[in-house]
Engineer: 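For reference, the structure I am asking about is given below.
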Amino acid sequence: MALRILPRSFYSRRTVEVARGLLGKVLVHGERQGRILEVEAYLGQGDEAAHSFRGLTPRTRVIFGPPGHAYVYFVYGMYYCFNVVAEPEGVAGCVLVRSVEGHGDGPGKLTRSLGITVEHYGADLTHGTLTIRESSRQHPFAIEVTPRVGIRRSADLPLRFVLRDR
DNA sequence: ATACGGATACGG
DNA sequence: CGTATCCGTATT
C-alpha cells in the first residue's frame with residue numbers, strides 16, 4: 001500500500017506548525033525510508049541562527065521560495081543537512097530534520113544513510129524520488145520541546161521538537 | 001575538548 | 001582577496 005504524499009498545503013503554514021506536523025511522518029528516498037523523530041524550526045523573523053537571517057543569497061534562495069521543497073546545505077566540510085521549506089512563497093522559514101528512525105540521530109548521519117546530497121537542493125518533496133508521506137502507523141505520541149542543538153545565536157528559543165512514544 | 005575540512009558571508 | 005563562522009560527528 002502506497003503512503004499518501006503530503007500535499008503542498010501541509011508545508012504552506014507557519015514554520016513551527018510544519019515542524020510539529022513532520023514528526024511521525026515518513027521521509028522516503030527511493031527504497032530507503034524512516035519516520036521523522038526529531039526536527040528543529042528555523043524562522044524567517046528574529047531568528048539569528050537561521051541561514052535566511054542575512055537575507056536572500058544564492059545559498060538561501062530556496063528558503064524564500066515555494067513551500068514543500070528541500071533546502072540541503074553542506075557543512076563542516078563533510079556533512080549534508082536536510083531541511084524542509086515552510087511558509088508561503090516569499091516568506092522565509094524551514095525545518096531541519098535531525099533524526100530519522102532506522103537512520104540514526106544527527107542531521108549529518110541521516111542524510112548520509114538516506115543518500116541525500118546537495119543534488120537534492122531545491123527538490124520538490126511532493127513529487128519524485130525524495131518525498132515525505134503519511135505514516136501507516138497512526139498511534140499517538142507526545143512532543144518534547146527544547147532549545148535547538150549546536151547553535152550559538154538565538155540559542156534559547158524553544159524550537160526543537162522530539163517525538164516521544166506513548 | 002578537539003580534529004576534521006569546505007563552503008559561505010562579509011570586510012577590506 | 002583574507003578570515004571568522006558554521007543548523008556535525010567521531011574520537012580523546
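Quick note on labels: first sequence line is chain A, next is B, and so on, each numbered from 1.
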Engineer: With rounding to the nearest 0.5 angstrom, report the CZ to CD distance, A:Arg13 to A:Glu87.
Structural biologist: 10.5 Å
Engineer: Touch check for A:Gly77, heavy atoms < 4.0 angstrom, all strands: base, sugar-phosphate only, or nothing?
Structural biologist: base
Engineer: In terms of hydrophobic clusters joined by side-chain contacts under 4.5 Å, are A:Val16 and A:Ile132 together?
Structural biologist: yes
Engineer: Does A:Arg148 count as lying over the ring of A:Phe161, i.e. NZ or CZ under 6.0 Å from the six-ring centre, within 45 degrees of the axis?
Structural biologist: no
Engineer: So A:Phe74, base contact, sugar-phosphate only, or nothing? Heavy-atom distance under 4.0 Å.
Structural biologist: sugar-phosphate
Engineer: Using the criterion of both pairing distances under 3.5 Å for Watson-Crick and G-U wobble pairs, give all stems of 3 or more consecutive pairs involving DNA chain C.
Structural biologist: B:1-4 with C:8-11, B:6-11 with C:1-6
Engineer: Could you state the atom-to-atom distance from OH of A:Tyr79 to P of B:dA3 in whole Å?
Structural biologist: 15 Å
Engineer: Taking any heavy-atom pair under 4.0 Å as a contact, classify A:Arg54: base, sugar-phosphate, or nothing.
Structural biologist: sugar-phosphate
Engineer: First contact, last contact: which nucleotides of DNA chain C are these for chain A, 5' to 3', heavy-atom distance under 4.0 Å?
Structural biologist: C:dC6 to C:dA10
Engineer: Specify the separation, in whole Å, of atom OH of A:Tyr80 and atom C1' of B:dA7.
Structural biologist: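 Distance check: A:Tyr80 OH to B:dA7 C1' gives 11 Å.
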Engineer: Please report whether the ring centroid of A:Tyr73 lies less than 6.0 Å from that of A:Tyr71.
Structural biologist: yes
Engineer: Separation of A:Leu56 atom CG from B:dC10 atom P, in whole Å?
Structural biologist: 12 Å
Engineer: So A:Ile151, base contact, sugar-phosphate only, or nothing? Heavy-atom distance under 4.0 Å.
Structural biologist: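 Sugar-phosphate contact only - A:Ile151 comes under 4.0 Å of backbone atoms but never of a base.
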Engineer: So if you build clusters from Ile, Leu, Val, Met, Phe, Trp, Tyr with side-chain heavy-atom gaps below 4.5 Å, do A:Val145 and A:Leu157 land together?
Structural biologist: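 Per the 4.5 Å side-chain linkage, A:Val145 and A:Leu157 are co-clustered.
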Engineer: What's A:Arg160 touching, base or sugar-phosphate or nothing? Going by heavy atoms closer than 4.0 Å.
Structural biologist: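 The residue A:Arg160 makes no contact with any strand.
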